Amino acid sequence: MSPSFGREHRLRQRRDVARVFQHGQRLETPLFSFRILPKEEPTARLLVVAGRRLGGAVARNRVKRAVREGFRLNKDVFDHMDAVVIPRPGAARLRPGELSERLIEEFREVRDGQRNAAHQRGLRAEES
RNA sequence: GGAGACGGCCAGGGGGCCGCGGGGGAAACCCUGAGGAAGGUCCGGACUCCGCCGGGCAGGCUGCUCGGGGCAAUCCGAGAGGGGGCGACCCCUGGAAAGUGCCACAGAGAAGAGACCGCCAACGGCCCAUCUCGGGCGCGGGCAAGGGUGAAACGGUGGGGUAAGAGCCCACCGCCGGGGCCGCGAGGCUCCCGGGCAUGGCAAACCCCAGCCGGAGCAAGGCCAAAUAGGGAGGCGGUUGAGGAUGGCCCGUCCGAUGCCUCCGGGUAGGCCGCCUAGAUGAAUGGCCCUCCACGACAGAAUCCGGCCUACGGCCCUCUCCCUCA
RNA sequence: GGGGACGUGGUCUAGGCUGGACUAGGACACCGGAUUGUCACUCCGGAGACCGCGGGUUCAAAUCCCGUCGUCCCCG
């Protein structure tokens with residue numbers, strides 16, 4: 001997998017974004033809020049929402065770039081997904097490299113937690 | 001060494017790896033890619049539409065002088081007057097004898113006003129004394145120096161003068177008007193004459209004067225154009241004229257029930273142009289490492305340009321004041 | 001990106017145009033007291049604001065002027 005990040009990896013259309021917000025799964029971590037929509041197509045697509053709560057234009061740009069950098073270097077984590085990442089205000093206080101690492105760490109953590117919970121729900125369903 | 005003042009400059013550099021926007025190319029690849037404030041949106045202009053606009057009112061902006069640049073906003077230089085600072089230096093700026101309005105509280109009196117305390121006893125009055133000189137009261141009155149009020153009290157200081165006083169008179173200072181001289185001018189000199197002085201403050205109160213300004217804004221505006229709904233759009237002629245185009249109002253102007261002619265279009269999602277030698281439209285400049293003493297501050301273009309204001313790191317030139325040493 | 005409005009006790013607001021005893025007023029909320037067996041209602045009394053912030057004009061600023069910060073609304 002090449003570590004590139006072109007247009008094909010960006011969530012651009014209004015209707016695509018609306019679909020992720022309406023039907024996507026919502027995952028919360030300390031620094032981010034995720035909206036994840038699984039799909040057939042393998043190409044991962046990303047959208048970063050950096051609101052005014054993060055600070056001025058410079059701070060918001062810095063956060064967006066850090067999130068995109070983390071996504072770019074670990075795109076395999078998001079295969080078969082459309083993802084919207086909404087950083088929380090605390091994210092603006094971290095240095096960019098650190099923020100990129102935390103993105104992947106926190107997403108893996110919450111994804112695995114969801115997977116285990118789903119697995120356990122499946123077991124309980126079998127028992128009943 | 002420490003406090004400042006003025007003016008100017010820079011906005012991390014170099015290397016490696018992985019990436020992003022735009023342009024070119026068949027491809028490899030090459031070129032290019034944020035700021036001095038890009039910011040706040042406070043002014044002005046270009047540009048576009050409002051059938052663009054013609055007149056007036058209203059409204060807005062600017063405001064010492066001269067010169068220069070600019071379409072304008074406004075900037076630069078040299079000066080004038082007033083104020084602040086020990087100083088380098090900085091700040092302010094049309095008109096208050098065109099009119100209207102306001103000047104609370106305090107105070108006797110707040111604009112050509114006024115007498116609370118006070119001062120006086122010349123004049124009138126009353127009382128005592130009386131040969132005469134006189135003495136007293138402060139009633140009518142005279143005065144505005146001193147006290148007191150206030151942000152501000154209708155020239156200041158000194159002398160003469162007086163019953164006490166007062167520009168009442170005089171000297172100096174200040175003020176006003178005129179002349180003269182200097183300066184393109186704002187103004188200056190105080191050489192001469194006149195006036196004893198009249199003319200308080202506020203126009204970031206209304207206002208007056210001079211100059212400038214039509215309104216809205218690129219989400220302006222134009223083009224292509226699914227689904228759905230469904231008949232309109234343009235031009236010409238034209239009687240009354242509600243109503244409308246108009247922007248805050250008035251006038252003017254134009255449109256306007258209808259007739260004739262022509263055309264098939266209008267428009268949402270979406271896309272394109274506008275949009276640029278940065279030129280995006282989920283919107284591009286970044287991440288990591290090494291090094292240079294050093295993380296550097298404020299901060300990220302969205303139609304473009306000129307100015308104003310605000311935020312902020314560092315360096316340099318010149319200058320001022322203080323301390324210490326020689 | 002562009003256009004506009006508003007900041008006054010804990011909350012909602014009046015006053016601002018025409019500056020001055022405005023010690024900034026009112027309602028709700030709060031505190032104390034009275035009433036009641038108790039609570040509510042009602043009555044009496046009380047506290048609470050550097051008028052978003054910083055400059056300027058003026059003798060004097062919540063009010064006028066400039067700058068700045070914040071909140072909200074409208075235009076695709």
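Remember, predicted model here, so these are calculated numbers, not experimental data.
Under the Watson-Crick or G-U wobble criterion, with both distances below 3.5 Å, B/rC321 is paired with B/rG2. Nucleotide B/rG161 forms a pair with no other nucleotide shown, judged by Watson-Crick or G-U wobble geometry with both contacts under 3.5 Å.
If you check B/rC20, B/rC18, B/rG282 against the side chain of A/Arg72, the one that comes closest is B/rC18. Comparing B/rC18, B/rG287, B/rC20 by their nearest atom to the side chain of A/Pro96 picks out B/rG287.
Under 4.0 angstrom from either OP1 or OP2 of B/rG287 there lies no side-chain N or O belonging to A/Arg62. Regarding contacts with the backbone of B/rA284, a side-chain N or O of A/Arg68 is found under 4.0 angstrom from either OP1 or OP2.
The CG atom of A/Leu46 sits 17 Å away from the P atom of B/rG19 (whole-angstrom rounding). One can place CZ of A/Arg10 at 15 Å from P of B/rG286, the figure rounded to the nearest angstrom. Taking atom CZ on A/Arg65 and atom P on B/rG19, their separation rounds to 18 Å, with Å as the unit. Rounded to a whole Å, the CG atom of A/Leu94 is 14 Å from the P atom of B/rG287.
Remark: A/Glu98 CD is packed, more than 12 non-hydrogen atoms of other residues, nucleotides or ligands lying under 6.0 Å away.
When the options A/Leu11, A/Val49, A/Asp82 are evaluated for a side-chain contact (heavy atoms from CB on, under 4.5 Å) with A/Val17, the one that passes is A/Leu11.
Residue whose closest nucleotide on RNA chain B sits further toward the 5' end, between A/Leu11 and A/Glu98: A/Leu11. Map A/Arg95 and A/Val58 each onto its nearest nucleotide of RNA chain B; the residue landing nearer the 5' end is A/Arg95.
Classification of the A/Phe34-A/Phe32 ring pair by plane angle, with boundaries at 30° and 60°, yields tilted. Relative orientation of the A/Phe71 and A/Phe5 rings is perpendicular, given thresholds of 30° and 60° on the angle between their planes.
In this structure, CD1 on A/Ile36 lies 10.0 Å from CZ on A/Arg111, to the nearest 0.5 angstrom.
In this structure, A/Val49 reaches the bases: a heavy-atom distance under 4.0 Å links it to at least one base atom across the strands shown.
Contact check of residues 20-44 of chain A against RNA chain B (heavy atom, cut-off under 4.0 Å) returns no residues at all.
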